[in-house]
Amino acid sequence: MPSYQAPRGMNDTLPEDAALWRHIRDTAERVARLFDYRQITTPIVEDAGVFLRTVGDESDIVQKEMYVFEDRGGDRLALRPEGTAAVCRAYIEHGMGSWPQPVRLFYFGPFFRYDRPQAGRYRQLWQFGAESIGSESPAADAELIELQHTLYQELGLHDVVLRVNSIGNLESRGRYIDALREYFRPLVPGLSRDSQRRFETNLLRVLDSKEEQDRAAVEGAPSILDFLDDEDAAHFESVKSALDAVGIAYEVDPYIVRGLDYYSRTVWEFEPPEARGQSTIGAGGRYDGLIELLGGQPTPGVGFATGIERIALNLKTRGIEPPEPEVIDVVTVPLGEAGAAACLRVARDLRAAGLTVRAGTPGRSMKAALRAADASGAAYAVIIGDREAADGVATLKPLRGDAEQRTVAVTEVAEAIRA
RNA sequence: GUGGGUGUGGCCUAGCGGUUAGGGCGUCAGGUUGUGGCCCUGAAGAUCGGGGGUUCGAAUCCCCUCACCCACCCCA
């Protein structure tokens, strides 16, 4: 019988990565609080309609990446592929429209996409996201971008590049796509094979082509920014001004196209420099029509999501370590029966004093026990054999530096370590 | 979903038709009487991802399958 493996595209996060993950999560939550965003936790499963209605029938997420199943009661449920639609569902369900607007929310949790796995792309992925719902103001867009930017700065990802764009509203986007099609149509024979296919299946993706032979055609293509109406253009200008005001560097990239249908106006993404492949570390945008699609009152919103695995990957490649790695203060070395009992009592007292204590395994030789204690990285070994136990003392042995070991009363080990 | 690459004890890896499948790291034990880090010795641990086939003989060749990686697609 073959032994079990984790499901494809899903990973165990091992203890060695726990501190890094905790650091990312703590930083994200702390930064979110600095902007007065409050946490919302929604179920991992939603009615499939929440995503089917909002993400876009044409999108890959709906077409082929969603885990959908029927429960025993016959309801069609989906493992959530993204956070925004679920948060909006909660906004409507809990009447947040009558809260002070905008409602600022953040979340942290697992999401699921039935993709073909690749480095940085998983079937279960963790995201941190923030949403500001109820404000049409460009100030909200800029606030989210600033929040996200602050997060990366706090984590030490100083070199990530911010690219922003405006994709206007549905009508102007439609006009743009028509114009783009007309522009490329005569050029199709000269395009790469991939781009010829994209011309038919996903026109906007032609703009993303990395093929050298497409470059001239792509560079001459019309820009969506020239198709924005006055209001959308003014909105985008205000977002950029706000970013300028707080000194956040960005690059306007008219070729950014967010994957989800519900986006309008501002869209953005953060990427490591020189990155290829599954490299986008986090992305966001405005989704003014989304709440209405879910049956709520017309309500504007804007938000972003960032991938925890991709952040972790980038921190690792830059050699950034969590500030507080897991440390052991003390390892006990119990020798003999009386020593073992005394060790248990001392360990309990040390833990009560807030020290991390690894209980040494009784029955090992002292040499073996001390080898293990040393390898653990602990600062001290507390040795209690029957000899010490009889006298009510412990041998406190510093494992780092060159201080001498000393004998202290079992009741005073914590004080001795603190001193 | 499409195309390509990889897969040897927990980790890294040698071997690429006939080896008791070798090494390093790690783990455990020991180097005399209760004291670690270096060093030394020993042990456990691999049906060579899984299944099938070719062959007198396969980790080594072929097929299928699974997983990971890369590109596409798409995206966090």
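Convention: sequence-line order gives letters A, B, ...; per-chain numbering from 1.
Within 4.0 Å (heavy atoms only), A:Q405 reaches at least one base atom of the nucleic acid. Contact annotation for A:G83: no contact, since no heavy-atom pair falls under 4.0 Å across all strands. In this structure, A:R8 reaches the sugar-phosphate backbone alone: every heavy-atom distance under 4.0 Å involves primed, P, OP1 or OP2 atoms, never a base. Using a 4.0 Å heavy-atom distance criterion, A:I383 is classed as a base contact. Residue-level contact check: A:R364 touches the backbone only, with heavy atoms under 4.0 Å from sugar-phosphate atoms and none from bases.
Under a 3.5 Å cut-off, the side chain of A:D391 and the backbone N or O of A:V393 do not form any donor-acceptor pair. Judged purely by atom type and a 3.5 angstrom limit, A:S135 uses its side chain to pair as donor or acceptor with the backbone of A:S137. Without hydrogens or angle criteria, A:R387 side chain to A:G339 main chain gives no donor-acceptor distance under 3.5 Å. Checking side-chain atoms of A:N165 against main-chain N and O of A:I256 turns up a donor-acceptor pair under 3.5 Å.
The pair A:R185-A:E182 meets the salt-bridge criterion, with a side-chain N (NZ, NE, NH1 or NH2) lying under 4.0 Å from an Asp/Glu carboxylate O.
Map A:E388 and A:G401 each onto its nearest nucleotide of RNA chain B; the residue landing nearer the 5' end is A:E388. Place A:I281 and A:I384 on RNA chain B by their nearest nucleotides, and A:I384 ends up nearer the 5' end.
A cation-pi arrangement, defined by a distance under 6.0 Å to the six-membered ring centre and an angle within 45 degrees of its axis, is present between A:R80 and A:F111. For the pair A:R123 and A:Y114, the cation-pi test (distance below 6.0 Å, angle within 45°) is passed.
The side chain of A:T280 lies closest to B:rC75 when the candidates are B:rG36, B:rG4, B:rC75. The side chain of A:L370 lies closest to B:rG36, out of B:rC74, B:rG36, B:rC69. In the set B:rG36, B:rC72, B:rG34, B:rC72 carries the atom at the smallest distance from any side-chain atom of A:Q118. Checking B:rG36, B:rA76, B:rG34 against the side-chain heavy atoms of A:L399 singles out B:rG36 as nearest. Of all nucleotides listed (B:rA76, B:rU35, B:rC40), B:rA76 comes nearest to the side chain of A:R310. When each of B:rC74, B:rG37, B:rU35 is scored by its nearest atom to the side-chain atoms of A:R371, the top-ranked nucleotide is B:rG37. Of the candidate nucleotides B:rC68, B:rA29, B:rG36, B:rC68 has the atom nearest to the side chain of A:P117. Set against B:rA71, B:rA29, B:rA76, the side chain of A:A368 has B:rA29 as its closest nucleotide. Comparing B:rA76, B:rG34, B:rG37 by their closest approach to the side chain of A:D374 singles out B:rG37. In this structure, the nucleotide among B:rC70, B:rU2, B:rU35 sitting nearest to the side chain of A:R116 is B:rU2.
Pairing for B:rA59 is absent, judged as Watson-Crick or G-U wobble with the two contacts each under 3.5 Å. Across all strands shown, B:rC72 pairs with B:rG1; the Watson-Crick or G-U wobble distances both stay below 3.5 Å. Both distances falling under 3.5 Å, in either a Watson-Crick or a G-U wobble arrangement, occur for no nucleotide opposite B:rC38. In this structure B:rU6 sits in a base pair with B:rA67, meeting the Watson-Crick or G-U test at under 3.5 Å.
Comparing B:rG31 with B:rG36, their P atoms are spaced 11 Å from each other, to the whole Å. Remark: the separation of the C1' atoms in B:rG24 and B:rG15 is 15 Å, to the nearest Å. Only the C1' atoms considered, B:rC12 is 30 Å distant from B:rG3, to the nearest whole Å. Spacing between B:rC39 and B:rG26 at atom P, rounded to whole Å, works out to 9 Å. Rounded to whole Å, the P atom of B:rA14 lies 10 Å from the corresponding atom of B:rU8. The gap from the P atom of B:rG17 to that of B:rU2 amounts to 33 Å, rounded to the nearest Å. Remark: the separation of the C1' atoms in B:rA29 and B:rA44 is 10 Å, to the nearest Å. Straight-line distance between the P atoms of B:rA58 and B:rG53: roughly 12 Å, to the nearest whole Å.
In this model, no side-chain donor or acceptor of A:R400 finds a partner on the base of B:rG37 within 3.5 Å. Between the side chain of A:Q5 and the base of B:rG50, no donor-acceptor pair of N or O atoms lies under 3.5 Å.
Across the protein-nucleic acid pair, A:Y380 atom OH and B:rU35 atom P stand 22 Å apart, rounded to whole Å. At whole-Å resolution of the value, CZ in A:F51 and C1' in B:rC75 are 16 Å apart. In this structure, the CG atom of A:D115 is 15 Å from the C1' atom of B:rA71, given to the nearest Å. Distance, A:F270 CZ to B:rC75 P: 19 Å, rounded to whole Å. For the pair A:F111 CZ and B:rC74 P, the computed distance is 22 Å after rounding to whole Å. Rounded to whole angstrom, the span from the CD atom of A:Q196 across to the P atom of B:rC72 amounts to 17 Å. Nucleotide B:rG36 holds its C1' atom 14 Å from the CD atom of A:E404, rounded to whole Å. Between the CD1 atom of A:I311 and the P atom of B:rC75 there is a distance of 19 Å, rounded to whole Å.
A side-chain donor from one of A:R318 and A:N314 sits under 3.5 Å from a side-chain acceptor of the other.
OP1 or OP2 of B:rG36 sits under 4.0 Å from a side-chain N or O of A:K367. Here A:S365 reaches the OP1 or OP2 of B:rG30: one of its side-chain N or O atoms lies under 4.0 Å away. For B:rC75, neither phosphate oxygen OP1 nor OP2 lies less than 4.0 angstrom from any side-chain nitrogen or oxygen of A:R113.
The residue from A:V50, A:L293, A:I291 that alone fulfils the side-chain contact (heavy atoms from CB on, under 4.5 Å) condition with A:C88 is A:I291.
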